[in-house]
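A, B, ... follow the sequence lines: proteins, then strands. Residue 1 opens every chain.
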Number of protein chains: 2
Amino acid sequence: MITMKEVSDLAGVSQATVSRVINGSDRVTEKTKIRVNQAMQALGYRPNSAAQSLASSRSNAIGMVVSKLEGPFYGPMMAGVENTLRQAHKHLIIAAGHGDADLEREAIEFLVNRQVDGLLLMVERLEDAELVELNQRVPVFLINHPVTTLSHRCVSLDNELGGYRATRYLLDKGHRRIACIMGQTWKPDAHDRLQGYHRAMSEAGIAVPDDWVVNTYFELAGGYQAMETLLERQFDGTAVFAGNDEMAFGVLESAEHHGIRVPDQLSLIGFDNSLTAQYVNPKLTTLHFPMFEMAQASARMALDGIYNKAESQASQFEPTLVERNTVSQLLL
Amino acid sequence: MITMKEVSDLAGVSQATVSRVINGSDRVTEKTKIRVNQAMQALGYRPNSAAQSLASSRSNAIGMVVSKLEGPFYGPMMAGVENTLRQAHKHLIIAAGHGDADLEREAIEFLVNRQVDGLLLMVERLEDAELVELNQRVPVFLINHPVTTLSHRCVSLDNELGGYRATRYLLDKGHRRIACIMGQTWKPDAHDRLQGYHRAMSEAGIAVPDDWVVNTYFELAGGYQAMETLLERQFDGTAVFAGNDEMAFGVLESAEHHGIRVPDQLSLIGFDNSLTAQYVNPKLTTLHFPMFEMAQASARMALDGIYNKAESQASQFEPTLVERNTVSQLLL
DNA sequence: ATGAAAGCGCTAACAC
DNA sequence: GTGTTAGCGCTTTCAT
């Protein structure tokens with residue numbers, strides 16, 4: 001391994017100077033800068049990052065814990081974070097929480113022990129208080145975890161607006177009797193999307209009977225089950241807003257079994273714009289969840305907050321409509 | 001930050017002893033071991049990993065570069081690697097190559113500069129020679145990149161067998177005139193799967209006319225296009241083996257447009273068992289690509305090779321059939 | 001079985 | 001603008 005000493009010897013300067021040109025920090029003569037760079041080049045010098053970390057107490061690494069690595073979101077999210085971080089020459093260390101509070105905690109400890117300079121968290125199970133406390137030890141940034149005292153450190157999606165837009169779109173297409181099938185209401189996402197649905201409906205002057213709303217869980221089976229419930233309740237509406245795409249696929253499946261044609265007899269809108277949405281038949285109309293951009297934003301926020309100690313501020317993204325083939329225009 | 005010194009003082013031993021109990025290495029009296037552990041506990045001591053790395057020239061981190069973070073495979077892959085590594089208390093640092101040779105190289109450099117103890121590579125664009133050379137600098141392990149001098153460091157899938165099994169399944173269902181729609185043939189995956197198809201067909205005594213095989217690329221549009229080509233060529237067969245699920249979805253779409261009912265008029269089998277396969281209608285029969293298990297195996301191989309300097313040996317997984325609803329039994 | 005001491009390669013005061 | 005120097009917190013011979 002080539003050390004700084006060898007570089008400084010070859011360049012005929014001190015180690016301090018080499019360190020300076022590496023960190024671009026101090027004013028170094030253009031001339032010596034060049035000499036040093038040449039020496040580094042010639043030797044194929046690579047700074048030892050462990051030594052850098054030890055001496056500077058900065059690891060140049062950011063830890064990320066995600067609740068589940070398997071989900072459909074994970075790809076765009078990692079991609080967004082990775083590319084932003086790498087452009088800044090920061091390393092990304094990841095750990096999974098598997099949607100369990102203890103495992104999430106353990107993942108965080110694991111990362112903190114590695115002296116990451118900051119933490120990017122996409123977790124579901126941790127309490128606000130815990131996060132706030134953690135933030136005393138190491139700067140914490142949150143993706144899609146809005147309800148917290150750390151809100152200025154959070155990038156999130158306006159789920160209420162999404163619910164509103166989805167419902168509104170259905171209304172604009174002439175639908176009036178619109179059901180809402182939603183996931184676990186303890187999740188802010190579900191809660192807010194439902195809220196948006198209600199706002200749109202009430203704005204349109206439509207009273208929503210209780211049995212138009214069915215809460216199950218954010219999976220295909222949840223959507224299927226909810227649709228069955230709706231059918232048992234003799235729901236006579238023309239459209240369904242599903243809390244996410246997977247649930248919408250479940251609705252599609254149920255409709256298929258009952259010989260209900262989508263979108264002719266029933267219109268359907270999802271949420272997330274997951275990869276699969278464009279592969280099902282008919283292709284699913286849905287709201288796009290801009291995870292890639294959100295991930296980039298969160299990484300940028302972290303970078304700023306950690307290395308430029310800038311005051312970060314909450315950033316909220318908007319879900320946008322993706323028109324495909326599961327919603328029909330109703331004749332008046 | 002609590003340092004080792006404080007621990008050793010409290011425990012009334014030397015730093016060396018503390019270091020010993022941390023690393024579980026030397027024979028330390030049970031008694032002192034307990035005292036040290038208590039001291040660590042009491043102080044809430046966390047070893048500084050930068051210092052550990054510097055002193056031991058081991059970073060306890062493994063770097064992973066993946067070609068593209070967005071694909072459907074990466075979830076299971078990251079999950080498999082992460083959980084295996086973490087159980088061994090090793091950190092996972094990731095970088096993306098985005099399917100471009102230069103970016104893949106850059107990602108590798110990035111990781112090597114961080115002194116990772118080893119590299120887990122899932123890349124497409126790098127030459128064998130380059131990989132071999134890299135392996136001189138740092139232990140390299142490959143996922144799904146079989147054709148290399150490093151084959152004992154590689155976990156891969158038996159694609160030939162997969163192609164064989166897919167085709168064989170179709171044959172067993174009574175099909176004889178079976179087309180094969182495949183991705184870029186420069187990719188070993190495509191090449192081998194096609195090979196398997198040919199083996200099964202020839203075993204069944206069926207001569208395959210050239211125009212039963214269409215090579216496009218591993219995407220929906222590629223499958224769609226290939227199916228259109230097949231149709232233009234007046235393909236009069238009863239089944240299609242698509243090189244991967246995405247291509248199969250393209251076939252499904254094309255069939256739909258032409259009013260060809262799957263599986264009644266045309267049977268279809270895919271490859272990968274991507275998440276989406278179970279959401280399309282009809283649900284896609286396909287071969288399962290055990291990425292999670294392969295990722296785990298590769299991580300274990302890396303762990304062994306790096307930290308126990310065990311001789312690793314190639315491990316190959318088999319794709320298995322997942323029966324769903326796109327293949328019909330043909331009457332004889 | 002345990003301790004003393006010499007680094008690991010770098011950064012950051014502080015001097016000049 | 002550049003050099004000197006003292007660590008950063010740990011591992012690891014080498015003694016004892």
**Prompt:** Hey, mind stepping through A/Asn144 and A/Ser156 against side-chain hydrogen bond (donor to acceptor under 3.5 Å, both in side chains) and telling me if it holds?
**Reply:** CA-CA 4 Å; A/Asn144 208 35; A/Ser156 57; 5.9 Å; no
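As judged by a 4.0 angstrom heavy-atom cut-off over every strand, B/Val18 is placed among residues making no nucleic acid contact. Residue contacts shown for A/Ser57 are absent, as no nucleic acid heavy atom lies under 4.0 Å away. Using a 4.0 Å heavy-atom cutoff across all strands shown, B/Ser19 reaches at least one base atom of the nucleic acid. Residue contacts shown for B/Thr32 are limited to sugar-phosphate atoms, with no base heavy atom under 4.0 Å away.
Protein atom CD of B/Glu30 is 16 Å distant from nucleotide atom C1' of C/dT2, rounded to whole Å. Here C/dC8 presents its P atom at 12 Å from CE of A/Met1, a figure rounded to the nearest Å. In this structure, B/Glu6 atom CD and D/dC8 atom P are separated by 11 Å, rounded to whole Å. As rounded to whole Å, 12 Å separates atom P of D/dG9 from atom CG of B/Leu54. Atom P of nucleotide D/dG9 and atom CD of A/Gln52 are separated by 17 Å, given to the nearest angstrom. For the pair A/Arg58 CZ and D/dG9 C1', the interatomic distance rounds to 17 Å; values are reported in whole Å. Atom-to-atom, CG of B/Leu43 to P of D/dG9 comes out at 14 Å; the value is rounded to the nearest Å. For the pair B/Asn23 CG and D/dG9 C1', the interatomic distance rounds to 13 Å; values are reported in whole Å.
The shortest distance between the side-chain N/O atoms of B/Thr3 and the OP1/OP2 oxygens of D/dG9 is not below 4.0 Å. Distances shorter than 4.0 Å separate none of the side-chain N or O atoms of B/Ser56 from OP1 or OP2 on C/dC8. Between A/Thr29 and the phosphate of D/dT2, there is a side-chain N or O to OP1/OP2 separation shorter than 4.0 Å.
Cation-pi geometry between B/Lys90 and B/Tyr307 is met: the NZ or CZ atom falls under 6.0 Å from the ring centre, inside 45° of the normal.
Taking only side-chain atoms of A/Met4, from C-beta outward, the nucleotide of D/dT12, C/dT11, D/dG9 with the closest atom is C/dT11. Side-chain proximity of A/Gln15 to C/dA4, C/dT11, C/dC8: nearest is C/dT11. Comparing D/dT13, D/dC10, D/dT4 against the side chain of B/Arg20 picks out D/dT13 as the nearest. For B/Ala55, counting side-chain heavy atoms from C-beta on, the closest listed nucleotide (C/dT11, D/dG3, D/dG9) is D/dG9.
The shortest non-hydrogen separation linking B/Phe289 to B/Met294 is CE2-SD, 3.5 Å. Smallest separation of non-hydrogen atoms from B/Glu6 and B/Ile2: OE2-CA, 3.6 Å.
Each of B/Thr17 and A/Ala16 was assigned the nucleotide of DNA chain D with the nearest heavy atom; the assignment lying further toward the 5' end belongs to A/Ala16.
Around the CD atom of A/Glu133, the shell of radius 6.0 Å holds no more than 12 heavy atoms that belong to other residues, nucleotides or ligands.
The backbone N or O of A/Glu124 sits less than 3.5 Å from a side-chain atom of A/Glu104, completing a donor-acceptor pair. Side-chain atoms of A/Asn135 never come within 3.5 Å of backbone atoms of A/Leu131 as a donor-acceptor pair (strictly under, hydrogens ignored).
Fit an axis to the five pairs at each end of the helix from C/dA1-D/dT16 to C/dC16-D/dG1 and the two axes sit 30° apart, to the nearest 10 degrees.
The side chain to side chain contact (heavy atoms under 4.5 Å, CB included) test applied to A/Gln38 returns A/Ile34, not counting sequence neighbours.
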